[in-house]
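Okay, structure first, notes after.
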Amino acid sequence: MKLFDAVIVQLDNKEREIAEAVGAVSQMLGFSSYLIGGFVRDLLLNRPTKDIDIVTVGDGIKLAKEVAQTLGTKKPVIYSRFGTAMLTYRGIEIEFVGARKESYSSHSRKPEVLPGTLEDDQNRRDFTINALAISLNPGDKGQLIDPFNGREDLENRILRTPLDPDRTFSDDPLRMMRAIRFATQLDFEIHPTTFQGIRENATRIRIVSQERITDELNKIIASPIPSTGFYHLLDTGLCEIIFYEFYKLLGVDYENGKGHKDNFYHTLEVVDNVAKVTENLWLRWAAVLHDIGKPRTKRYDPSSGWTFHGHDAVGASMVPKIFRRLKLPLDQKMKYVQKLVRLHLRPITLTKSDITDSAVRRLLFEAGEDIDDLMLLCRADITTKNQSKMDRYLTNYELVAQKMVEIEEKDRLRNWEPPISGEVIMRTFHLAPSREVGIIKNAIREAILDGVIGNNYDEAFQFMLLEAEKIGLHPVNEGEK
């Protein structure tokens with residue numbers, strides 16, 4: 001039995017139909033076509049995929065058009081500049097490209113591209129496990145074409161370049177990020193020679209666009225164990241270049257024999273803890289950045305040792321600049337991460353004294369709908385190796401969580417808006433938008449959060465009248481409510 005006969009059993013009906021159609025159309029056109037790259041890799045690893053890559057020794061765009069007609073689907077999207085075409089069939093994206101060979105200049109990762117053979121195309125692939133191809137052609141249909149022993153590397157869980165790694169990474173430095181990303185996603189080892197190639201070419205990453213670097217960084221953070229990727233970024237020298245603020249967390253300073261914990265490794269523990277319980281990329285980013293303000297706030301006090309006072313506020317102020325530089329979205333996702341960084345100490349701080357209703361109300365009000373994510377981050381932040389401390393922290397954490405449930409049930413403060421709006425204040429006292437309106441509204445909010453009045457319209461309205469009288473305001477109609 002040929003390999004393809006064994007592998008095709010793993011194909012679902014849609015994938016099988018696509019493979020047969022490509023093979024038949026290629027034969028009609030006189031092209032040689034192959035399944036290649038990530039689809040073959042994931043097929044052999046038994047990993048789910050929604051993408052199929054086809055390389056043809058011929059015109060990839062023409063092949064895509066004919067296959068679309070055969071499958072009865074929409075015309076392909078053509079990328080003439082790159083000589084590629086994409087069509088979607090029953091939820092599967094199929095990319096077609098003509099076999100090519102590439103040559104690079106030293107100042108750009110954009111190659112000069114010429115038509116080539118299958119061998120040329122496999123030579124240009126980034127890693128041996130991505131250079132695997134399966135023939136769809138008569139005569140050798142189903143044959144695995146594996147010039148670099150990629151299948152053996154799959155079995156041994158090794159990531160290596162098909163050609164000299166120095167050339168591979170110098171030509172296209174993004175491949176260094178991809179190597180670390182694949183190693184992290186797949187739990188593969190990077191071959192020592194390949195790893196050394198990354199180290200020697202790390203500075204070449206500067207010619208890669210920030211968007212492409214950040215896309216790979218996001219995929220590392222979204223992996224099952226993100227710390228694996230960050231350790232590789234550190235050991236290759238890439239971390240210092242692409243994410244200097246995070247690199248600055250590394251290291252321990254000593255004064256009078258007293259040292260603080262290494263915040264780089266602590267942060268990675270927190271990120272891994274978060275990754276165990278959620279796939280939320282932005283909550284994982286909050287874990288990455290939660291202590292990012294510590295290097296700027298580090299101080300040594302002879303009486304109390306090392307401190308990082310205010311690192312939560314400093315870190316939150318750094319988030320927009322980091323997001324802007326890394327080309328991350330500057331919308332609600334950034335504000336969400338900034339909020340969690342700013343509030344990440346609050347739940348644990350509550351445990352250091354009597355947990356008052358007022359303090360819990362304020363936390364619920366400030367965190368809003370993100371309170372559950374904040375509590376998850378705070379729990380992940382408990383990384384002490386001292387079991388008695390761990391038990392005490394977790395017990396205190398649960399006390400805070402329980403108190404929050406009680407206050408929320410009673411006062412309904414999640415996503416809370418004060419019962420008296422600015423419009424009510426302006427109508428009652430016949431005011432235009434003004435400083436006085438803000439003063440009264442803030443006083444009502446503070447009174448409810450402090451428990452002075454209940455979270456209801458009637459008590460808030462009476463309190464509003466008293467506060468307004470203090471600044472010389474009187475209602476136009478005292479009976480109006």
Q. Rounded to the nearest 0.5 Å, how far does CG of Leu363 lie from CZ of Arg346?
A. 5.5 Å
Q.
If you apply the rule side chain to side chain donor-acceptor pair (under 3.5 Å), what do you find for Asp373 with Trp282, and how did you get there?
A. CA-CA 10 Å; Asp373 288 350; Trp282 305 108; over 6 Å; no
**Q.** Atom pair CG (Leu343) and CZ (Arg362), whose distance is rounded to the nearest 0.5 Å
**A.** 13.0 Å
(Q) Whether the side chain of Asn386 engages the backbone of Lys389 through a donor-acceptor N/O pair (distance < 3.5 Å, no angle test) should be reported. (A) yes
(Q) Measuring from atom NZ of Lys75 to atom CG of Leu87, what distance do you get when rounded to the nearest 0.5 angstrom? (A) 13.0 Å
Q: List the steps, then state whether side chain to side chain donor-acceptor pair (under 3.5 Å) holds for Asp301 with Thr307.
A: CA-CA 7 Å; Asp301 183 332; Thr307 65; over 6 Å; no
Q: Would you confirm whether Arg342, through its side chain, and Val337, through its main-chain N or O, come within 3.5 Å as a donor-acceptor pair?
A: no
Q.
Looking at Lys335 and Asp331, is any side-chain nitrogen of the basic one under 4.0 Å from a carboxylate oxygen of the acidic one?
A. no
Q.
The test is side-chain contact (heavy atoms from CB on, under 4.5 Å); show your working for Arg379 and Leu394 and say whether it passes.
A. CA-CA 8 Å; Arg379 187 182 183 95; Leu394 290 176; 3.9 Å; yes
Q) Got a salt bridge between Arg124 and Asp120, using NZ or NE/NH1/NH2 to carboxylate O under 4.0 Å? A) no
Q) Taking Lys339 for the side chain and Ala367 for the main chain, is one N or O donor matched with an acceptor at less than 3.5 Å? A) yes
Q: Before giving the answer on side-chain contact (heavy atoms from CB on, under 4.5 Å), spell out for Ile52 and Ile92 the whole-Å C-alpha distance, their side-chain angles and the decisive distance to 0.1 Å.
A: CA-CA 7 Å; Ile52 294 178; Ile92 298 177; 3.9 Å; yes
**Q.** Sidechain-backbone polar pair: Ser317 side chain, Val314 backbone, donor-acceptor under 3.5 Å
**A.** yes
Q. If we ignore angles and hydrogens, is there a donor and acceptor under 3.5 Å between the side chains of Glu200 and Gln196?
A. yes
Q.
Is the ring pair His290/His344 parallel, tilted or perpendicular, if the boundaries are 30 and 60 degrees?
A. perpendicular
**Q.** Criterion side-chain contact (heavy atoms from CB on, under 4.5 Å) on Leu132 and Ile36, from CA distance to verdict
**A.** CA-CA 6 Å; Leu132 294 161; Ile36 199 165; over 6 Å; no
Q) How would you list, by chain and number, every residue that makes a ring pair (Phe, Tyr, Trp, His ring centres under 6.0 Å) with Phe308, sequence neighbours excluded? A) His260
Q) Counting N and O atoms only, with roles assigned by atom type, does the side chain of Ser135 sit under 3.5 Å from a partner on the main chain of Asn137, one being a donor and the other an acceptor? A) yes
Q | Closest non-hydrogen atom pair between Ser33 and Val22, with its separation | A | CB-CG1, 4.1 Å
Q) Between Gln387 and Asp391, is a side chain to side chain donor-acceptor pair (under 3.5 Å) present by the stated rule, with each step listed? A) CA-CA 6 Å; Gln387 190 58 48; Asp391 293 341; 2.8 Å; yes
Q.
Within this structure, what is the CG-CG distance for the pair Asp171 and Asp126, rounded to the nearest 0.5 Å?
A. 12.5 Å
Q | Pair Val252-Lys261, side-chain contact (heavy atoms from CB on, under 4.5 Å): steps then yes or no | A | CA-CA 6 Å; Val252 178; Lys261 65 185 174 185; over 6 Å; no
Q) Do the ring planes of Phe195 and His232 sit parallel (below 30°), tilted (30 to 60°) or perpendicular (above 60°)? A) perpendicular
Q) Once you round to the nearest 0.5 Å, how far does CD1 of Ile129 lie from CZ of Arg160? A) 11.0 Å
Q. Does the side chain of Thr184 come under 3.5 Å of the side chain of Ser223 through a donor N or O and an acceptor N or O?
A. no
Q) Looking only at atom types and distance, does a side-chain atom of Asn156 sit under 3.5 Å from a main-chain N or O of Ile158, one as donor and one as acceptor? A) no
Q | Side-chain donor-acceptor pair present, Asn130, Arg41, cut-off under 3.5 Å | A | yes
Q) Taking the six-membered ring for Trp, is the centroid-to-centroid distance between Trp306 and Tyr300 below 6.0 Å? A) yes
Q. Between the main-chain N or O of Val319 and the side-chain N or O of Gln338, is there a donor-acceptor pair closer than 3.5 Å?
A. no
Q) Just by modelled atom types, is the Ser170 backbone N or O under 3.5 Å from a matching donor or acceptor in the Arg204 side chain? A) yes
**Q.** side-chain hydrogen bond (donor to acceptor under 3.5 Å, both in side chains), paired with Glu245, selected from Arg296, Lys321, Arg325
**A.** Arg325
Q. Closest heavy-atom contact between Thr117 and Ala99?
A. O-CB, 3.6 Å
Q. Just by distance, do the side chain of Arg199 and the backbone of Asp235 share a donor-acceptor pair under 3.5 Å?
A. yes
Q. Is a donor on one side and an acceptor on the other found under 3.5 Å between the side chain of Arg157 and the backbone of Leu186?
A. yes
Q) Is the Phe230-Phe246 ring centre distance short of 6.0 angstrom? A) yes
**Q.** Inter-residue atom distance Asn263.CG - Lys294.NZ, 0.5 Å rounding
**A.** 4.0 Å
Q.
Is it the case that the ring center of Phe188 lies less than 6.0 angstrom away from the ring center of Phe182?
A. no
